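Here's the structure we're looking at; comments come further down.
Source: prediction; values computed, not measured. FYI, the numbering just counts along the sequence from 1.
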Amino acid sequence: MEEYEQLGHMRALTAEEIREDSGTVFYIPHHGIWQRSDGKNKLRVVFNASRDTSTGLSLNDSLHSGPKLQGHIATIITRWRRHRYVFCADVQKMFRQILMDERDCHLQRIVWSPSSDLPAKHFVLRTVTYGTACAPYLALRTLQQLGEDEGHRFPLARELLKRDLYMDDFLSGSHDLETARSLRDQLIGLLRAGGFHLRKWVANEPGLLEDIPAEDRLRADWVQLSTNGPVCELGVIWDPVTDRFKFRPGVVDPPPSLTKRTALAELAAFFDPAGWLTPLTLVADFDWDEKLPGSWLNRWLTFRDRIREAAEFTIDRWFGSIPGQDMQLHAFADASRRAIAAVVYVRATHSDGKITTTILEAKSKLAPVKSLLPTTER
């Protein structure tokens, strides 16, 4: 919080402002949580603009969230897989680089003290605040406007803003190294024109990182990408050295009482946005806190063992595609009285005649409880 104040992200209210209290104001509840990322602990402030007030409404209830500008995560990952040479980076403190209109800042008041021994002070947050309903739209719309204003200077990066951005993360690349480097440099230049800084750079080719300052890389040197294990991009585990996706099961020893609630909580912790592990999906129809019967309990424990085995399963990040190459999509679908599923594979024919296939995406859902077919009268 002290850092926020020093950087101008928030300012202390004067006694007169607090006393006048003119117009509409809202005090946002907040708390801190510790996050561990890449071996480092970081204190993050969480703002809860959905907390009800004495009126029965929260700030988020009164805000217009704006149209959805965010692309689908599976689509962005799939597009990223087309490129032979790829890089990733995120916008440092993206929301905090965007100033709010001063007339709206009093809707983002907080009370805070650096110590329990000191009296609390009143502040207003001067920048877009994560936790408000409109924050994603405001941030992404600002970047879009940056592309419109400065894109003529960085035409390659302007396209990246449209297609290769997921919230504050860029995943992009190209089929050749020089183009990938040009994309990277233009992206840095375009974001810098708006006062944004890119950091946590990762790439599957050392040449894309060698002239990036060490402090702006996710890991200081290429060797660490190999020795320190895979990284996480958009929630997906990726090893940039082998250029393969991996899976990290979150299951631990089963709880004393295994219910549908605990089972689904374990399943939800296993992030698979493209459905690559769809065959492992299991959903049971029980009350949330009802104990699983013996037959289902055994099936779930078997499923947990299979999830653990998924840690040994990997998928090529790159399709093996190059411009002008013969590429085919092969789709398969099937259904039963219990479930519906579909999968799409990419089939690539290389210049030497070699053929490779890799999974693109898969989806599944439970079959409807009631038949959707029209009934005939007798």
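- The backbone N or O of R82 lies less than 3.5 Å from no partner atom in the side chain of H175, so there is not a single donor-acceptor pair.
- We find that D239 and R244 are not joined by a salt bridge, their nearest charged nitrogen and carboxylate oxygen being 4.0 Å or further apart.
- In this structure, Q325 contributes its side chain and T349 its backbone to a donor-acceptor pair below 3.5 Å.
- For residues 154-167, every residue pair satisfying the salt bridge (Lys or Arg N to Asp or Glu O under 4.0 Å) rule, not counting sequence neighbours, is listed here: E159-K162.
- In this structure the side chain of L171 never reaches within 4.5 angstrom of the side chain of Y166, judged on heavy atoms.
- With hydrogens and angles disregarded, no donor-acceptor distance shorter than 3.5 Å links the side chain of W34 to the backbone of K42.
- Rounded to the nearest 0.5 angstrom, T132 OG1 and Q108 CD are separated by 5.5 Å.
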Determine, step by step, whether E17 and R11 satisfy the salt bridge (Lys or Arg N to Asp or Glu O under 4.0 Å) criterion, reporting the C-alpha distance in whole Å, the side-chain angles of both residues, the deciding distance to 0.1 Å, and the verdict. CA-CA 12 Å; E17 286 178 304; R11 68 170 179 85; 2.8 Å; yes

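- Between the CZ atom of R96 and the CZ atom of F196 there is a distance of 13.0 Å, given to the nearest 0.5 Å.
- The hydrophobic cluster containing V46, built from Ile/Leu/Val/Met/Phe/Trp/Tyr side-chain heavy atoms closer than 4.5 Å, also comprises I33.
- Ring planes of Y345 and F332: perpendicular class, angle over 60° (limits at 30 and 60°).
- No donor-acceptor pair closer than 3.5 Å links the side chain of H350 to the backbone N or O of D352.
- In terms of heavy-atom proximity, M327 sits nearest to A348 at SD-CB, 3.5 Å.
- Between R19 and E16, none of the side-chain N atoms (NZ, or NE/NH1/NH2) sits under 4.0 Å from a carboxylate O, so this pair counts as no salt bridge.
- Contact check on D168 versus K200 returns no salt bridge, with no Lys/Arg side-chain nitrogen under 4.0 Å from an Asp/Glu carboxylate oxygen.
- The ring-ring contact (aromatic ring centres under 6.0 Å, His included) contacts involving residues 125-148 comprise F95-Y130, where partners must be two or more places apart or lie in separate chains.
- Using bins of under 30°, 30° to 60° and over 60° for the plane-to-plane angle, the ring pair W80/W238 lands in the perpendicular bin.
- Pairing each heavy atom of L208 with each of V86, the nearest pair is CD1-O, 3.7 Å.
- The two residues A274 and E361 come nearest to each other via the heavy atoms O-CG, 3.1 Å.
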